[in-house]
Participant: 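Before anything else, here's the structure in question.
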Amino acid sequence: MDKSWMHSDRRSKAYEFGVEAFLNFVVENLLTTTHIRCPFVKCVNLKLFGVGIIRDHVYFNGIDQSYKNWTFHGEPWEATTNASRNVEEDDGHSRYSFVSEEIDMDDNDFGDFGSDPYEFANVIGDGDQPVYPGCRKYTKLSALVKLYNLKAKHGMSDVCFTEILILQGDLLPEGNTIPTSMYEAKKTLCALGLSYEKMHACPNDCILYRKEYEDSTNCPTCGISRWKEGKDSILKEGVPAKVVWYFPPIPRFKRMFQSHETAKSLTWHAARKSIDGQMSHPADSPSWKLLDDKWPEFGNEPRNLRLALSSDGFNPHNSLSSR
């Protein structure tokens with residue numbers, strides 16, 4: 001598909017037709033008009049919006065020109081070498097071997113750790129890759145983390161940081177692994193973290209603009225606008241009045257099992273041998289036992305996690321004088 005329009009003037013017809021062709025390509029391949037990653041230069045495919053909002057972002061602000069392979073929008077991932085997909089091994093056992101040996105898991109039980117199951121393992125592999133051939137002090141990952149910390153500490157813009165990356169790559173010896181754009185840097189660092197989703201919300205907390213309200217511009221309950229009002233009382237279309245951050249818990253639970261020690265702690269209640277009648281673990285509590293009795297299938301799987309709320313004293317409705 002022709003992508004030359006990405007470098008055209010945003011006021012030109014070539015850019016206008018290119019944006020529409022891109023959106024049509026996305027809808028045809030992803031079969032959705034909502035929850036699409038936005039390739040706008042500031043969103044860099046980290047935020048999800050509907051087609052209408054993405055169209056406005058790309059028209060008025062521009063597309064990330066370093067986004068050459070549209071992997072988030074239907075194009076196939078570029079082939080990766082087997083070496084980059086090797087998970088760290090020790091004596092022929094993978095890093096997951098403890099979990100599989102202790103609780104009788106097979107390879108199919110690991111599930112999908114993300115859009116690319118090996119993405120996290122690949123990033124950990126970057127921790128062993130020197131930033132340039134022969135460098136012993138910094139790896140690709142440690143250098144990138146230090147550079148990004150400087151960006152955050154001194155408030156660099158994305159454009160400034162991109163230019164520093166390009167300059168750094170030119171200064172280092174040939175064959176260095178420094179990314180050449182903010183997009184590539186974020187793509188690497190985001191694999192270290194976990195996914196989140198920003199949702200537009202009604203300022204009065206009536207609704208979230210998702211599902212059937214994805215493309216709405218006014219709250220169906222109170223009628224207030226979705227967009228922020230400027231000092232001149234004019235609505236800033238495309239700028240939400242309120243944003244809620246959603247952190248899906250399941251990917252975080254899966255990530256916990258990628259560590260030998262954490263996985264051992266998470267399943268310790270099923271593997272422990274000593275039961276002396278004393279409450280030495282939450283598994284000894286009546287609430288834990290009630291869950292096991294009420295949902296035996298859930299209780300029989302040691303990897304299932306139980307969530308509990310704990311508070312060191314709280315004042316309901318702020319109506320009591322007692323602390």
Side-chain angles (χ1 to χ4, degrees), residues 3-4 6-7 37 39 41-46 63-73 75-98 107 110 112-195 251 255 258-262:
K3 300 177 184 176
S4 60
M6 296 171 63
H7 304 280
R37 293 183 182 270
V41 290
K42 290 187 178 179
C43 296
V44 289
N45 291 307
L46 299 177
I63 192 170
D64 180 5
Q65 295 183 3
S66 66
Y67 183 44
K68 299 176 182 179
N69 190 28
W70 296 344
T71 51
F72 293 113
H73 299 91
E75 280 193 348
W77 289 88
E78 291 181 348
T80 55
T81 63
N82 292 332
S84 68
R85 290 196 170 245
N86 283 341
V87 178
E88 178 184 343
E89 297 187 353
D90 180 17
D91 296 331
H93 295 343
S94 77
R95 67 175 66 192
Y96 310 112
S97 61
F98 164 79
D107 291 338
F110 292 124
D112 182 11
F113 284 97
S115 56
D116 181 355
Y118 296 92
E119 187 175 19
F120 181 71
N122 289 342
V123 173
I124 297 303
D126 289 341
D128 298 325
Q129 184 180 5
V131 70
Y132 61 84
C135 178
R136 296 183 178 181
K137 187 172 182 179
Y138 289 105
T139 65
K140 174 184 177 181
L141 187 58
S142 66
L144 183 55
V145 168
K146 284 186 176 292
L147 287 170
Y148 202 84
N149 282 341
L150 288 176
K151 175 189 184 304
K153 182 179 180 180
H154 299 289
M156 297 181 198
S157 68
D158 289 355
V159 174
C160 175
F161 187 65
T162 295
E163 292 184 1
I164 288 177
L165 289 175
I166 294 173
L167 176 61
Q168 190 78 33
D170 289 340
L171 293 174
L172 291 176
E174 189 174 347
N176 69 79
T177 55
I178 290 290
T180 57
S181 70
M182 181 65 188
Y183 168 73
E184 292 179 17
K186 277 191 174 181
K187 185 177 177 182
T188 300
L189 293 174
C190 282
L192 283 176
L194 287 160
S195 61
R255 177 68 59 82
Q258 288 185 289
S259 164
H260 287 280
E261 294 302 318
T262 306

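Sequential numbering from 1 along the given sequence is applied to the chain's residues. Nothing here was measured: the structure is a model prediction, and the numbers come from that model. Every heavy atom of this structure was used, including side-chain atoms; hydrogens, water molecules and symmetry mates were not.
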Participant: Please find out if less than 6.0 Å separates the ring center of F161 from that of Y148.
Facilitator: yes

Participant: Please report the closest heavy-atom contact between L144 and A185, naming both atoms and the distance.
Facilitator: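 Closest pair (atom of L144, atom of A185, distance): CD1-CB, 3.8 Å.
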
Participant: Between CG of L147 and CE of M156, what distance do you get to the nearest 0.5 Å?
Facilitator: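 These two atoms lie 8.0 Å from each other.
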
Participant: Side chain of Y67, backbone of N45: donor and acceptor closer than 3.5 Å?
Facilitator: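 No: the side chain of Y67 does not pair with the backbone of N45.
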
Participant: Please round to the nearest 0.5 Å and tell me the distance separating atom CE of M182 and atom OG of S157.
Facilitator: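 Reported to 0.5 Å precision, the distance equals 9.5 Å.
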
Participant: Considering non-hydrogen atoms only, spot the tightest contact between N176 and P173 and give its length.
Facilitator: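 Shortest heavy-atom separation between N176 and P173 comes out as ND2-O, 3.0 Å.
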
Participant: Do you know which two heavy atoms are closest between S181 and L165, and how far apart they sit?
Facilitator: O-CD1, 3.5 Å

Participant: If I compare all heavy atoms of V131 with all of A143, which pair ends up nearest, and what's the gap?
Facilitator: CG2-CB, 3.9 Å

Participant: Return yes if some donor-acceptor pair links the side-chain N/O of H73 with the main-chain N/O of R37 below 3.5 Å, else return no.
Facilitator: yes

Participant: Can you tell me how far apart CD (Q65) and OG1 (T162) are? Round to the nearest 0.5 Å.
Facilitator: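 Q65 atom CD to T162 atom OG1 measures 11.0 Å (nearest 0.5 Å).
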
Participant: Measuring from atom CD1 of I178 to atom OH of Y138, what distance do you get when rounded to the nearest 0.5 angstrom?
Facilitator: 10.5 Å

Participant: T180 versus S66: any side-chain heavy-atom pair under 4.5 Å?
Facilitator: no

Participant: Any side-chain heavy atom of K151 sitting closer than 4.5 Å to one from D158?
Facilitator: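 Counting from C-beta outward, K151 and D158 do come under 4.5 Å.
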
Participant: Can you measure from NZ (K153) to NZ (K146) and round to the nearest 0.5 angstrom?
Facilitator: 10.5 Å

